[in-house]
Amino acid sequence: MTENLPPCPECSSAHTYEMGALLVCPECGHEWSPASAEGAAGAEDGVIKDAVGNVLTDGDTVTVVKTLKVKGSPSGIKAGTKVRNIRLVNGVDGHDIDCKIDGFGPMQLKSSVVKKA
């Protein structure tokens with residue numbers, strides 16, 4: 001393999017490999033698509049994209065695309081939950097959206113789990 005693959009976005013391991021259409025990290029088990037790796041590079045330029053590639057801006061309304069577990073909550077945040085008036089931040093561990101969710105309060109989300117509404 002002479003091709004240079006990007007490091008893992010989760011643990012920064014250089015030992016990534018391709019499996020079908022995905023890139024995989026053998027150290028932490030994280031899987032991602034090469035398109036999302038390009039989106040992560042775009043995030044360094046100040047552009048934050050949602051799970052399907054739409055550019056997000058402050059004040060947008062987004063929809064959660066998969067059910068999320070929330071520590072201390074028996075149900076979590078269900079897929080399809082609308083989140084209004086988001087704020088883009090440079091958060092910890094890839095959490096780049098600051099928002100308030102009805103029934104849960106203020107929290108941070110990753111742009112990879114939301115879709116622009």
Side-chain angles (χ1 to χ4, degrees):
M1 230 162 135
T2 60
E3 182 179 337
N4 289 334
L5 296 174
C8 175
E10 293 291 314
C11 69
S12 301
S13 169
H15 304 291
T16 57
Y17 63 91
E18 288 183 277
M19 183 172 27
L22 295 176
L23 296 175
V24 180
C25 175
E27 293 184 13
C28 69
H30 181 67
E31 298 179 354
W32 71 100
S33 68
S36 68
E38 292 169 8
E44 293 171 2
D45 298 334
V47 176
I48 297 176
K49 296 183 179 183
D50 66 2
V52 293
N54 296 322
V55 177
L56 297 173
T57 58
D58 285 344
D60 281 345
T61 298
V62 295
T63 304
V64 177
V65 294
K66 69 178 194 176
T67 301
L68 305 172
K69 293 181 183 177
V70 177
K71 195 174 192 178
S73 171
S75 62
I77 300 170
K78 296 185 179 183
T81 302
K82 283 201 174 196
V83 181
R84 291 175 175 71
N85 199 19
I86 65 168
R87 193 167 49 111
L88 303 177
V89 295
N90 189 6
V92 179
D93 291 332
H95 293 83
D96 45 14
I97 296 175
D98 202 14
C99 61
K100 280 187 183 175
I101 299 177
D102 293 337
F104 292 97
M107 62 178 41
Q108 290 188 340
L109 298 172
K110 292 183 178 183
S111 59
S112 61
V113 299
V114 298
K115 178 176 74 169
K116 194 170 185 174

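Heads up: numbering here begins at 1 and tracks the sequence. For clarity, every value in this text was computed on a predicted model and none was experimentally measured.
- Residue K66 qualifies as open at atom NZ: its count of foreign heavy atoms under 6.0 Å is 12 or below.
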If you apply the rule side-chain contact (heavy atoms from CB on, under 4.5 Å), what do you find for M19 with E31, and how did you get there?
CA-CA 9 Å; M19 183 172 27; E31 298 179 354; 4.1 Å; yes
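- Proximity of L23 to L5: side-chain heavy atoms (C-beta onward) are separated by under 4.5 Å at one or more points.
- Side-chain contact annotation: S111 with D50, donor-acceptor N/O pair under 3.5 Å absent.
- With a 4.5 Å cut-off on side-chain heavy atoms, L22 and W32 do not count as touching.
- With contacts defined as side-chain heavy-atom distances shorter than 4.5 Å, the pair L56/V62 qualifies.
- Proximity of I101 to T81: side-chain heavy atoms (C-beta onward) are separated by under 4.5 Å at one or more points.
- At least one donor-acceptor pair closer than 3.5 Å links the side chain of T16 to the backbone N or O of P6.
- Side-chain contact between I48 and V55 is absent, with no heavy atoms from C-beta onward closer than 4.5 Å.
- Note that the CD1 atom of I86 and the CG atom of D98 stand 10.0 Å from one another [nearest 0.5 Å].
- A distance of 11.5 Å separates OG in S13 from NE2 in H30, rounded to the nearest 0.5 Å.
- Side-chain contact between V114 and I97 is present, with at least one heavy-atom pair separated by less than 4.5 Å.
- At least one side-chain heavy atom of C8 sits less than 4.5 Å from a side-chain heavy atom of C28.
- Using a 4.0 Å cut-off between charged side-chain N and carboxylate O, D60 and K116 make a salt bridge.
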So V83 and V64, side-chain contact (heavy atoms from CB on, under 4.5 Å) or not? Walk me through it.
CA-CA 8 Å; V83 181; V64 177; 4.2 Å; yes
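- Using a 4.5 Å heavy-atom cutoff, the side chains of C99 and L109 are in contact.
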